[in-house]
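If you're wondering where the values come from, they're calculated on a predicted model, not measured in any experiment. The sequence lines fix the lettering, A, B, ..., with proteins before strands; numbering per chain opens at 1. Any value given below was found using the heavy atoms of this structure, including those in side chains, with hydrogens, waters and symmetry copies removed.
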There are 2 protein chains.
Amino acid sequence: MSTTDASKRTPLDRDAIVRAGIELADAEGVGVLTMRRVADHLGFKAMALYNHISSKEDLLKAMLDAIATEIDEPPPECEPMQAIRQHAIATRDAFLRHPWAAGLWGVTMPGESRTAHIEYLLSVLARSDLDAETAHDGFHAINNHVLGYSMQEQALTVLFAGRGIESLVNEFQETAPVDRFPHTNAHLQEHLDGNTSTSFELVLDLILEGLARVSKDRTSHTA
Amino acid sequence: MSTTDASKRTPLDRDAIVRAGIELADAEGVGVLTMRRVADHLGFKAMALYNHISSKEDLLKAMLDAIATEIDEPPPECEPMQAIRQHAIATRDAFLRHPWAAGLWGVTMPGESRTAHIEYLLSVLARSDLDAETAHDGFHAINNHVLGYSMQEQALTVLFAGRGIESLVNEFQETAPVDRFPHTNAHLQEHLDGNTSTSFELVLDLILEGLARVSKDRTSHTA
DNA sequence: TGTCAGAAACGTACGTTGTACGTTGTTCGT
DNA sequence: ACGAACAACGTACAACGTACGTTTCTGACA
């Protein structure tokens, strides 16, 4: 209680709050992330957070931004298509580490680091062989693949972070009986069997090759 | 007030609630969708809803399911790749009509109609020329494109449904100054100029052609 | 036509959320 | 040593989802 109290906690700054938010969201899901819980986790009361962040929305934005900083950029000498590939894979890895992030990525305003993440992909596309129009479309095609794949991939993990996977599967099969939805159930089974691990990169390459081909078509037709 | 009251309202059933929810979400965004507001909109009190739906989550699920029923399936005689194309376009059109839906699609458990929507795409893929593995990957590639594209497309529309577009753009350009993020700002400008209207179908075709090519490669290598 | 059971609507109320506001404590430049 | 600036706290409030008990309506059968 005195000023010489040995267990004096560190004085709480923005980064610590953001880190705690990410930790909690990783562990329990972002759906149950609460200001009071974040504060508890740090040993403070809820309102203490507001000296360092302006709102919960601000916190979530900062959390997503922090995740963007985890995504390494390939070295500058890396050739464009390879760089895009690695960058996409690194982005997906980040979403694997933070399963709640993908679902928020698309519906939240980007902060500075996320903007840098966007800028990187666009800059590599700009120095690639793709024409400007294909580069624009390619940006979305790649982003959509990475984000969409990550979301679907962990939908089951995230939907209800609490209970086990089989409870989720059972609930789904209740509304989707095998006899009426055979393909859907077969597809789900393929996922549960887990022999789809290379499909992310496969479709990614499919898109990259397709972009190169489209650009070649477009520029040759124009010429 | 008496039993002969002329303005006697209709007695409130599940469908009416779901419709009201969709109407409100379309008009004001799903972020401010409230049980009390849905009830008000129908001329009832909040708790009356619970005679017909079991929870807010149930309502949202039903709303998304209702949107799935708006998506027409191409006629059975339609050849597979054409059917997939039309179906994807119809799905995106539905997301255009209901800007809030795409963001929830990926993080919500599908109901019966959404399951039918999934089943349709899988069934068409199954009767296409694609091998089973490519069909599996193609399902995700197509879904991710449609969903991801729709989300990004209306991110600005949805993020804050209240204020005008230029207020949003200004806020963004505050965290992303043109000199530090030239490509990002140029990309944004391309969107604001609106000459990207055909890119959805272009990338869609790119994916479909890519899938056909991958499948041909795979089956020829195996043979 | 009278009655009565079940469904539908209502009112009230509780726990939880984000956060505004006023107060207290702590730190640091002078 | 002292006062300003800032950090943490406690209290409090409005809005949310929804549990529960009560009232009102309706329609099947006597």
Side-chain angles (χ1 to χ4, degrees), chain A residues 1-22 24-25 28-64 100 104 107-109 159-162, chain B residues 1-22 24-25 28-64 100 104 107-109 159-162:
Chain A
M1 305 296 185
S2 73
T3 54
T4 61
D5 187 346
S7 75
K8 203 168 175 186
R9 60 214 171 154
T10 64
L12 186 60
D13 63 343
R14 192 169 218 272
D15 276 2
I17 296 174
V18 173
R19 266 197 308 273
I22 291 175
L24 277 184
E28 315 176 9
V30 74
V32 295
L33 189 72
T34 274
M35 289 302 172
R36 293 175 225 262
R37 250 225 270 286
V38 174
D40 274 3
H41 190 68
L42 291 162
F44 293 83
K45 297 305 175 64
M47 288 314 291
L49 305 181
Y50 286 86
N51 290 314
H52 307 274
I53 62 169
S54 64
S55 68
K56 187 183 187 182
E57 193 188 333
D58 183 34
L59 172 58
L60 288 172
K61 191 168 152 181
M63 286 165 60
L64 291 172
W100 50 272
L104 255 46
V107 293
T108 313
M109 192 101 134
L159 269 186
F160 284 90
Chain B
M1 304 297 188
S2 74
T3 53
T4 62
D5 188 347
S7 75
K8 201 168 177 188
R9 61 216 169 151
T10 64
L12 187 60
D13 63 342
R14 192 170 219 272
D15 277 2
I17 296 173
V18 173
R19 266 197 308 274
I22 291 175
L24 277 183
E28 316 178 8
V30 76
V32 296
L33 190 72
T34 271
M35 289 301 167
R36 294 176 224 259
R37 249 225 272 284
V38 174
D40 274 4
H41 190 69
L42 290 162
F44 293 84
K45 296 305 175 65
M47 290 314 291
L49 305 181
Y50 286 86
N51 290 314
H52 307 274
I53 62 170
S54 65
S55 67
K56 186 182 186 181
E57 194 188 333
D58 183 35
L59 171 58
L60 288 171
K61 192 168 150 179
M63 286 165 59
L64 291 172
W100 49 273
L104 254 47
V107 295
T108 313
M109 193 100 133
L159 269 186
F160 285 88

Exercise. When rounded to the nearest 0.5 angstrom, what is the spacing between CD1 in B:I17 and CD1 in B:I22?
Worked result: 12.5 Å
For this session: For B:D13 and C:dA8, give me the distance from atom CG to atom C1', rounded to whole Å.
Result: 12 Å
Seminar exercise, completed: For A:E28 and A:R37, the nearest pair of non-hydrogen atoms, with its separation, is OE1-NE, 3.3 Å
Exercise. Measuring from B:L49:CG to B:L42:CG, what's the distance to the nearest 0.5 Å?
Worked result: 7.0 Å
Name the pairs: protein N/O against N/O of nucleotides 10-13 of chain D, kept only if under 3.5 Å.
unit_1, atom_1, unit_2, atom_2, d
D:dG10, OP2, A:K45, NZ, 2.8

Exercise. Does the side chain of A:V30 reach to within under 4.5 Å of the side chain of A:L60, using non-hydrogen atoms?
Worked result: yes
For this session: Looking only at non-hydrogen atoms, find the nearest pair between B:S55 and B:M35 and report the distance.
Result: C-CE, 4.0 Å
Problem set entry | Five-pair end axes of the helix from C:dT1-D:dA30 to C:dT30-D:dA1, angle between them (10°) | 10°
Exercise. How many Å lie between CG on B:L42 and C1' on C:dA9, as a whole number?
Worked result: 13 Å
Exercise. What is the distance, rounded to the nearest whole Å, between atom CG of A:L60 and atom P of C:dT17?
Worked result: 14 Å
Seminar exercise, completed: Interatomic distance, NZ@B:K45 vs CG@B:D40, rounded to 0.5 Å, equals 8.0 Å
For this session: Starting from C1' on C:dT17, measure out to CZ on A:R37 and report it in whole angstrom.
Result: 12 Å
Exercise. Once you round it to whole Å, what is the distance between C1' of D:dC16 and CD of B:E57?
Worked result: 16 Å
Exercise. Taking CG from B:L49 and C1' from D:dC16, how many angstroms apart are they, rounded to a whole number?
Worked result: 14 Å
For this session: Only counting residues at least two apart or in another chain, list the ones meeting salt bridge (Lys or Arg N to Asp or Glu O under 4.0 Å) with B:R36.
Result: none
Exercise. At under 4.0 Å between heavy atoms, what does A:L33 touch on the DNA or RNA strands: base, sugar-phosphate, or nothing?
Worked result: sugar-phosphate
Exercise. Any side-chain heavy-atom pair from A:M63 and A:L104 closer than 4.5 angstrom?
Worked result: no
For this session: Kindly write out the residues that satisfy salt bridge (Lys or Arg N to Asp or Glu O under 4.0 Å) with B:D15, not counting sequence neighbours, or none if the list is empty.
Result: none
Seminar exercise, completed: When rounded to the nearest 0.5 Å, the distance separating CG of B:L59 from CD1 of B:I53 is 4.5 Å
Under 3.5 Å, N/O pairs linking protein and nucleotides 4-7 of chain D:
none

For this session: Quick one: list whatever passes side-chain contact (heavy atoms from CB on, under 4.5 Å) with A:M47, sequence neighbours left out.
Result: A:Y50
Seminar exercise, completed: note: B:M35, atom CE; D:dA19, atom C1'; distance rounded to Å ~ 14 Å
